[in-house]
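What follows is one structure encoded as structure tokens, with my remarks underneath.
Here the structure is a predicted model, which means the values were calculated and not measured. Read the numbers this way: they start at 1 and go in the same order the structure lists the ligands and their atoms.
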Amino acid sequence: MHSVFPGGSLPDGGSGSGPAPGRTGPAPAAEAAGTPVVEVRGLVKRYGAKTAVDGLDLVVRAGTVTAVLGPNGAGKTTTVETCEGYRRPDAGAVRVLGLDPVADAARLRPRIGVMLQSGGVYSGARAGEMLRHMARLHAHPLDVDALIERLGLGDCGRTTYRRLSGGQQQRLALAMAVVGRPELVFLDEPTAGLDPQARRATWELVRQLRTDGVGVVLTTHFMDEAEELADDVVIIDAGRVIAQDSPERLCRGGAENTLRFTGRPGLDLGSLLKALPDGSEAAELPGAVYRVTGTVGPQLLATVASWCAQHGVMPDTISVERRTLEDVFLELTGKELRS
Ligand code: ATP
């Protein structure tokens, strides 16, 4: 049987949270890793005169985490809600698990998990009841008690939704999104407002979903979260994708990939440049700081260290500064992610 959480860490739901009547048989197998689970081509979505999404392409694959980043108003929510079937495209094609999210909504809903920021919840319901209710809507739910424990909600099972803290509501929303063992989940800022421990538990759960072949689409304002979790980062601005790649490849290259060392003033830059690989640059900055840019890696570090040794230079400091996703984002959009 397909397991979202192999190794028995979260067993299948038992009779307490059991399958909906008339829905038995094996849980649907997740798509093979790498299979597109979301395919968006040329998506256009307008609100009156405002074009919120302007010819956007996006592919998300099974067994991967895709982080969708963008400044406020970039079109992230509109794109994700279109994939979830809550909005109808004005132009372009959207397929989710091979289906049309609007026309095939009834078939799609049981197969996808959606974590919403808030809303749509009866605030007088108890957390445990809500999750059990959600579990009953699915043929092969996860074990509710195990999920509650895993997300650190053990003490809140009998607490009404309105009395949960913001972080507990967040974790409950995550639990509701995954309890039905979806093949694809949409997580909207899943760790906003969480303490470090809850954040880590959420990350672990996302990694587990990926391991099980689930496709995960994540919107986040945390760059470290995207760097930690995402196989693919999609940066959206003004309704278009302006970059899509792995965090590693997006961060590679650029002037911020820099090696700096402090020596003595007036070192022979010409000689240093000759020792460096083609395409490198070297400059002396105030304070006898030397900046070397190029393909910064172990080879360049070794070359600089060796050059220093040959020239009797003992660097006081030597450091490598890699471009972060935050730098990339700022460069591409001209905006800080938080605004
Ligand atoms: P944020 O990070 O602030 O949530 P976002 O990237 O999710 O932003 P969207 O919510 O998709 O962006 O909005 C894209 C654009 O469409 C914005 O200019 C927004 O004001 C506009 N917009 C979104 N929903 C509506 C609506 N229902 N009616 C009119 N305009 C809308």
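- Under the 4.0 Å distance rule, the nearest protein heavy atom to atom 1 (P) of ligand 1 falls inside the cut-off.
- Between Asp145 and Arg132, at least one side-chain nitrogen of the basic residue sits less than 4.0 Å from a carboxylate oxygen of the acidic one, meeting the salt-bridge criterion.
- Under the 3.5 Å distance criterion, with hydrogens and angles disregarded, a donor-acceptor pair is assigned to the side chains of Ser271 and Trp307.
- Using a 4.0 angstrom heavy-atom cutoff, Pro71 counts as in contact with ligand 1.
- The protein atom (non-hydrogen) at minimum distance from atom 9 (P) of ligand 1 is Thr78 OG1, 3.7 Å.
- Contact atoms of ligand 1 toward Lys50: 15 (C), 18 (O) (distance under 4.0 Å to a heavy atom of the residue).
- Between the side chains of Asp327 and Thr324, a donor-acceptor pair is found at a separation under 3.5 Å.
- For atom 14 (C) of ligand 1, the candidate residues are Ala49, Ala238, Gly73; the nearest heavy-atom contact is made by Gly73.
- A side-chain donor-acceptor contact under 3.5 Å links Thr220 and Glu225.
- Of the protein's non-hydrogen atoms, the one nearest atom 21 (C) of ligand 1 is Tyr47 CD1, 3.9 Å.
- The shortest N/O to N/O separation between Arg87 and ligand 1 does not fall below 3.5 Å.
- For Arg126 (side chain) and Arg158 (main-chain N/O), a donor-acceptor pair under 3.5 Å exists by modelled atom type.
- The shortest non-hydrogen separation linking Phe261 to Leu267 is CE1-CD1, 4.0 Å.
- Among all heavy-atom pairs drawn from Arg87 and Val102, the shortest one is O-CG2, 4.0 Å.
- Of all protein heavy atoms, the one closest to atom 3 (O) of ligand 1 is Asn72 ND2, 3.0 Å.
- Nearest protein neighbour of atom 12 (O) of ligand 1, counting heavy atoms only, is Gly75 N, 3.1 Å.
- At the shortest separation from atom 16 (O) of ligand 1 among protein heavy atoms lies Ala52 CB, 3.3 Å.
- The closest protein non-hydrogen atom to atom 4 (O) of ligand 1 is Thr77 OG1, 3.6 Å.
- Minimum interatomic distance between Arg61 and Val37 (heavy atoms only, all atoms of both residues): C-CG2, 3.8 Å.
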